[in-house]
Engineer: 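Just dropping this structure here.
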Amino acid sequence: MPISMQKVRTRYAPSPTGYLHIGGAWMAFFNWLFARSQTGAFILRIEDTDRTRSTEEYERAILEDFHWLGLDWEEGPDVGGPAGPYRQTERSHLYRQYAQTLLDRGAAYHCYCTPEELEAERQRARVAKQPYRYSGRCRNLTPEQRAEFERQGRRPTIRLRIHDDGETIVVNDLVRGRVEFDPEHLDDHIIVRSDGSPLYNFANVVDDHTMAITHVIRGIEHLSNTPKQWIMYQALGWEPPQVAHLSNILGTDHKKLSKRTGDTAVRDYKRAGFLPEALLNFFALMAWYPEESREIFSVRELIERFRLKDLGKASPVFDMAKLTWMNGVYMRELLQRDPGRVVDACLEPLRHAGLLDGQVTAQTHAYIRQVVEVLGDRIKVGRDILTYGDFFFTDAVTYEPDAVKKYFSQKTAATMLAQLRDRVAKVDRLDAAAVETIIRTMASELRIESREIIHPARLALTGKTAGPGLFELTALLGRDRVVQRLDSAVEWIRRLPDSRGV
RNA sequence: GCCCCCAUCGUCUAGCCUGGCCUAGGACAUCGGCCCUUCAAGCCGGUAGCGCGGGUUCGAAUCCCGCUGGGGGCACCA
């Protein structure tokens, strides 16, 4: 195989049983980062042995999400490569071959125990409060016994033979250091099912080796699997890869990240209008600070500074507030440099809210861009265009109840807004300066503060008390929409039951 | 029940390896204030942490032991 053994090769191996999970993306990111920092290769492998739950749609979606994040791969199911195929279901011949090798070497054996018999063993252990270990009944079957089982129609599984008197297995974890395992606590576990399909721990070993993976960065749940895998590497005469185990991301409830405490799919973040570069920056900080007193790093900088040993060992809590802040930092920068991308991040949320349908024409795009410029740094995440500026996309303005009490309940509100309406209707071109003049003039004529007009006007035009400056938003809305909304507001106020209808 | 991993502000973390520079640094969040037509942003300031108990040492967040707490594993799941 023409794969250079010196070159660093990392991989991420998702199961296509759902959309790309934040935790998975996080793990993949460090594999990718390490490969890039070592000018190595990053490989994508699909672990689709769970036929009942795996689908092609999910596989496609996962690749899409990786593309969106900006993580690329040298070898994978879509691009192929020298170590292919890159889907486990297409690699059965390899598992079969190496299982036979293990059998031939006596490192593995056929086991004819049925699931029911095994469950009974497990049950006994539970009752006796003893740790469960396979009884080893099939370890030394005679040819006659085997023949008898075969006659009964039993289909055997293949088990790995672990020696009780084996030496301590040492795992040199790149982030945790040396971890020792006594084989006494290991079990002759099944590596091939009775239907001939491989189990995770075995397929993993075969795949990582045949794909010449040099470094494996994975979740802490695999640390306990590592000694089992090391035994297989040894039996096969292979050199195991370097490993690093990271703790999993936790939700705010300090439990495994779940839908309850926030979005778990990368796709959800895309839809909400997060930026991939912000997400990646945030990912990095959940395990490591490249420099003290600094939070914002480009992917380029992260690659340059990445050191496996610097990764943290504890489980980070996914802090949505910090991600949102960080996304805002990136948004503000983009607003100056590339506002079109801010617009893009707002598209999905607008569509989702039903405020945008069909193809986005050049005019629509240009309009949204104006909205984005008026909203400015209020947009920390794409969906903020809704919270601060939905009124730019619909005439159906709903007034905030608290604000109504505050600004629409005075007797003068309706007359004042009506007067403003008339003044606005008279101008030809309603730009920000014109509105400002109108309002300031009107305020001084009425001997009131400008803000006494501004607040009710904002409510009439936007339905909200928070948002962009009144003059700017009015200019974008345009004279006609402003007049029309002021009319609606006046009418609405006059219909209020407790209004004296001045 | 057994095995493994982890433990600094509410949260992410720096410091820990190579004890003293740590009256523990930064950031998010939070609370004040400034700015201001509101909000956001920005600026200024504040609150807040070495899980506990023993050692070792002149000196421990840093080294050792125990405990507690959290997480993971012990499948014909991945």
Side-chain angles (χ1 to χ4, degrees), chain A residues 13-15 17 47-50 53 88 111 113-115 118-119 122 125-133 155-159 171 173 176-177 179-182 184-187 189-201 203-204 219-228 245 247-248 250 252 254-256 282 285-289 291-296 309 312-326 328-329 332 375-380 384 387-388 403 436 439-440 443 449-455 457-459 462 464-471:
Chain A
S15 296
T17 54
E47 305 213 328
D48 56 351
T49 48
D50 188 342
R53 293 193 301 144
Q88 286 189 329
C111 171
C113 297
T114 64
L118 296 173
E119 184 47 43
R122 220 170 275 126
R126 247 195 309 271
V127 170
K129 296 226 169 193
Q130 289 299 308
Y132 168 71
R133 293 194 73 199
R155 312 268 13 124
T157 60
I158 298 175
R159 279 185 190 271
V171 174
D173 189 294
R176 275 157 220 282
V179 184
E180 296 184 355
F181 294 89
D182 188 336
E184 185 191 322
H185 302 292
L186 262 32
D187 202 11
H189 60 280
I190 295 171
I191 58 174
V192 177
R193 295 186 183 92
S194 48
D195 68 0
S197 62
L199 266 85
Y200 168 77
N201 274 306
N204 213 256
I220 189 78
E221 66 272 20
H222 295 295
L223 183 54
S224 313
N225 284 327
T226 311
K228 300 178 187 176
H245 293 94
S247 294
N248 294 112
L250 266 27
T252 40
H254 282 242
K255 298 259 166 55
K256 230 165 104 182
F282 180 69
L285 263 41
M286 270 196 293
W288 149 67
Y289 269 62
E291 283 174 29
E292 205 173 332
S293 307
R294 198 180 148 193
E295 327 284 317
I296 305 299
K309 325 192 167 1
K313 298 193 258 267
S315 316
V317 170
F318 193 89
D319 186 353
M320 189 55 115
K322 186 151 185 173
L323 204 214
T324 303
W325 163 78
M326 185 171 281
V329 173
R332 257 170 266 145
L375 256 29
D377 55 30
R378 288 173 190 81
I379 306 179
K380 294 207 278 264
D384 288 336
T387 49
Y388 290 112
E436 178 156 13
I439 289 183
R440 300 244 187 256
E449 295 288 336
S450 301
R451 73 174 83 92
E452 291 178 68
I453 302 172
I454 288 172
H455 292 309
R458 177 196 307 285
L459 184 59
T462 73
K464 306 172 197 301
T465 52
L470 184 75
F471 310 142

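Quick note: numbers below take in every heavy atom, side chains included, and nothing from hydrogens, waters or symmetry partners.
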Engineer: Could you give the CD1-to-C1' distance, from A/I296 to B/rC12, as a whole number of Å?
Structural biologist: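 To the nearest whole Å, that distance equals 13 Å.
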
Engineer: Taking the nucleotide of RNA chain B with the nearest heavy atom to each, does A/K129 or A/H222 sit closer to the 5' end?
Structural biologist: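 Nearer the 5' end of the strand: A/K129.
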
Engineer: With sequence neighbours left out, what residues match A/H222 under ring-ring contact (aromatic ring centres under 6.0 Å, His included)?
Structural biologist: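 For A/H222, the residues satisfying ring-ring contact (aromatic ring centres under 6.0 Å, His included) (neighbours in sequence not counted) are A/Y200.
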
Engineer: Going by ring-ring contact (aromatic ring centres under 6.0 Å, His included), name the residues that satisfy it together with A/W288, two or more places apart in sequence or in a different chain.
Structural biologist: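 A/W288 satisfies ring-ring contact (aromatic ring centres under 6.0 Å, His included) with A/F306 once adjacent residues are dropped.
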
Engineer: Under the side chain to side chain contact (heavy atoms under 4.5 Å, CB included) test, which residues partner A/L199, sequence neighbours left out?
Structural biologist: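 Per chain and number, A/L199 pairs via side chain to side chain contact (heavy atoms under 4.5 Å, CB included) with A/I190, A/R193.
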
Engineer: Sub-3.5 Å donor-acceptor pair from the side chain of A/R133 to the main-chain atoms of A/L186, do we have one?
Structural biologist: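 Between the backbone of A/L186 and the side chain of A/R133 there is a qualifying donor-acceptor contact (under 3.5 Å).
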
Engineer: With sequence neighbours excluded, tell me which residues meet ring-ring contact (aromatic ring centres under 6.0 Å, His included) with A/F318.
Structural biologist: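 Applying ring-ring contact (aromatic ring centres under 6.0 Å, His included) to A/F318 gives A/Y269, A/F282.
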
Engineer: My understanding is that only one of A/R176, A/E221, A/K313 makes a side chain to side chain contact (heavy atoms under 4.5 Å, CB included) with A/S247; could you say which?
Structural biologist: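 Option passing the side chain to side chain contact (heavy atoms under 4.5 Å, CB included) with A/S247: A/R176.
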
Engineer: Closer to the 5' end of RNA chain B via nearest nucleotide, is it A/A13 or A/S293?
Structural biologist: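 Between the two, 5'-proximity favours A/S293.
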
Engineer: Which parts of nucleotides 14-24 of chain B does protein reach within less than 4.0 Å, heavy atoms only, written one letter per nucleotide 5' to 3' as B for base, S for sugar-phosphate only and - for none?
Structural biologist: B----------

Engineer: Compare every heavy atom of A/D384 with every heavy atom of A/T387, then report the nearest pair and how far apart it is.
Structural biologist: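 Scanning both residues completely, I find the closest heavy atoms to be OG1-O, 2.9 Å.
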
Engineer: How close do A/I453 and A/I439 get, heavy atom to heavy atom, and via which atoms?
Structural biologist: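 Result for this residue pair: CD1-O, 3.8 Å.
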
Engineer: If we take the P atom in both B/rC52 and B/rA24, what is their distance in whole Å?
Structural biologist: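 It comes out at 16 Å once rounded to the nearest Å.
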
Engineer: What's the CD-P distance between A/E295 and B/rG26, to the nearest Å?
Structural biologist: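 Spelled out: CD on A/E295 to P on B/rG26 is 11 Å.
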
Engineer: Within the 4.0 Å limit for protein heavy atoms, which parts of nucleotides 34-49 of chain B are touched? Write it as a string from 5' to 3', B for base, S for sugar-phosphate only, - for none.
Structural biologist: ---BBBBSS-------

Engineer: Got A/P131 and A/H185 here, is their nearest side-chain heavy-atom distance under 4.5 Å?
Structural biologist: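 Contact flag for A/P131/A/H185 side chains = no.
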
Engineer: How long is the line joining CE of A/M286 and P of B/rC12, in whole Å?
Structural biologist: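 Atom CE in A/M286 sits about 10 Å away from atom P in B/rC12.
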
Engineer: Under 3.5 Å for both donor-acceptor distances, Watson-Crick or wobble: does B/rG1 have a partner, and if so which one?
Structural biologist: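 Pairing partner: B/rC74.
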
Engineer: For B/rG19 versus B/rU56, give the span between their C1' atoms, rounded off to a whole number of Å.
Structural biologist: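 It comes out at 11 Å once rounded to the nearest Å.
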
Engineer: If only atom types and distance count, is the side chain of A/D187 paired as donor or acceptor with the main-chain N or O of A/H189 below 3.5 Å?
Structural biologist: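 The answer is no, because no donor-acceptor pair under 3.5 Å joins these two groups.
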
Engineer: Which letter, B, S or -, goes with each nucleotide of nucleotides 3-11 of chain B from 5' to 3', with contact meaning a protein heavy atom under 4.0 Å?
Structural biologist: SSSSS---B

Engineer: Please report the closest heavy-atom contact between A/S194 and A/T157, naming both atoms and the distance.
Structural biologist: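 Smallest heavy-atom distance, with atoms named: N-CG2, 3.6 Å.
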
Engineer: Taking side-chain hydrogen bond (donor to acceptor under 3.5 Å, both in side chains) as the definition, give me every residue that meets it alongside A/Y289, ordered by chain and number, with sequence neighbours left out.
Structural biologist: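 Scan of A/Y289 (side-chain hydrogen bond (donor to acceptor under 3.5 Å, both in side chains), adjacent residues dropped) gives A/E295, A/K322.
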
Engineer: For a quick test of reading the model, state the closest non-hydrogen atom pair linking A/C113 to A/L118 and the distance between them.
Structural biologist: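 Nearest heavy atoms, A/C113 then A/L118: CB-CD2, 3.8 Å.
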
Engineer: Taking B/rG70 as the reference, what is the distance to B/rU62 when you measure between their C1' atoms (whole Å, please)?
Structural biologist: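 Taking atom C1' in both B/rU62 and B/rG70, they lie 22 Å apart.
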
Engineer: Can you name the closest pair of heavy atoms from A/G467 and A/Y388 and give their distance?
Structural biologist: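 For A/G467 and A/Y388, the tightest heavy-atom pair comes out as CA-CD2, 4.2 Å.
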
Engineer: Of all heavy-atom pairs between A/S197 and A/D195, which one has the smallest distance, and what is that distance?
Structural biologist: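 Reported closest heavy-atom pair: OG-OD1, 2.7 Å.
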
Engineer: Which residues satisfy the side chain to side chain contact (heavy atoms under 4.5 Å, CB included) test with A/A13, sequence neighbours excluded?
Structural biologist: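 So A/A13 forms a side chain to side chain contact (heavy atoms under 4.5 Å, CB included) with A/R11, A/R45, A/E47.
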
Engineer: Determine the Euclidean distance between corresponding P atoms of B/rG73 and B/rC39; express it in Å to zero decimal places.
Structural biologist: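 Result for the P pair: 48 Å, nearest Å.
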
Engineer: Which whole number of Å gives the distance between the P atom of B/rG1 and that of B/rC63?
Structural biologist: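 Here B/rG1 and B/rC63 have their P atoms 30 Å from each other.
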
Engineer: Could you grab the distance from atom NZ of A/K380 to atom CZ of A/R332, nearest 0.5 Å is fine?
Structural biologist: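 Here the interatomic distance stands at 7.5 Å.
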
Engineer: How many whole angstroms separate atom CG of A/N248 from atom C1' of B/rA78?
Structural biologist: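 Rounded to whole Å, this separation is 13 Å.
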
Engineer: Work out how far the C1' atom of B/rG33 is from that of B/rG15, and round it to whole angstrom.
Structural biologist: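 Taking atom C1' in both B/rG33 and B/rG15, they lie 32 Å apart.
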
Engineer: Quote, to the nearest angstrom, the C1' distance that separates B/rA61 from B/rC22.
Structural biologist: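 One C1' to the other, the span is 9 Å.
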
Engineer: For B/rG66 and B/rU47, measure between their C1' atoms and round to the nearest Å.
Structural biologist: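 Pairwise C1' distance, B/rG66 against B/rU47, rounds to 35 Å.
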
Engineer: Would you mind pulling out the nucleotide paired to B/rG42, Watson-Crick or G-U wobble, both distances under 3.5 Å?
Structural biologist: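 B/rG42 is paired, partner B/rC34.
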
Engineer: Could you identify the nucleotide paired to B/rU18, looking across every strand shown and requiring Watson-Crick or G-U wobble geometry with both distances under 3.5 Å?
Structural biologist: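 By the stated definition (distances under 3.5 Å), nothing pairs with B/rU18.
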
Engineer: Suppose we screen for side chain to side chain contact (heavy atoms under 4.5 Å, CB included). Which residues come up paired with A/L250, at least two apart in sequence or across chains?
Structural biologist: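 Only A/S315, A/V317 meet the side chain to side chain contact (heavy atoms under 4.5 Å, CB included) criterion with A/L250.
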
Engineer: How many whole angstroms separate atom NZ of A/K255 from atom C1' of B/rG72?
Structural biologist: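 After rounding, the reported distance stands at 15 Å.
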
Engineer: Each nucleotide N or O in nucleotides 60-63 of chain B that has a protein N or O under 3.5 Å away: list the pair and distance.
Structural biologist:
none

Engineer: Does B/rA7 have a Watson-Crick or wobble mate here (both distances under 3.5 Å), and if so which one?
Structural biologist: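 Per the H-bond distance test, B/rU68.
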
Engineer: Taking only N/O atoms, report every protein-nucleotides 75-77 of chain B pair under 3.5 Å with atom names and distance.
Structural biologist:
unit_1: B/rC76; atom_1: OP1; unit_2: A/R122; atom_2: NH2; d: 3.1
unit_1: B/rC76; atom_1: O2; unit_2: A/S194; atom_2: N; d: 3.1
unit_1: B/rC76; atom_1: O2; unit_2: A/S194; atom_2: OG; d: 3.0
unit_1: B/rC76; atom_1: N3; unit_2: A/S194; atom_2: OG; d: 3.0
unit_1: B/rC76; atom_1: N4; unit_2: A/C113; atom_2: O; d: 3.2
unit_1: B/rC77; atom_1: OP1; unit_2: A/R193; atom_2: NE; d: 3.4
unit_1: B/rC77; atom_1: OP2; unit_2: A/R193; atom_2: NE; d: 2.3
unit_1: B/rC77; atom_1: OP2; unit_2: A/R193; atom_2: NH2; d: 2.6
unit_1: B/rC77; atom_1: O3'; unit_2: A/R193; atom_2: NH2; d: 3.2

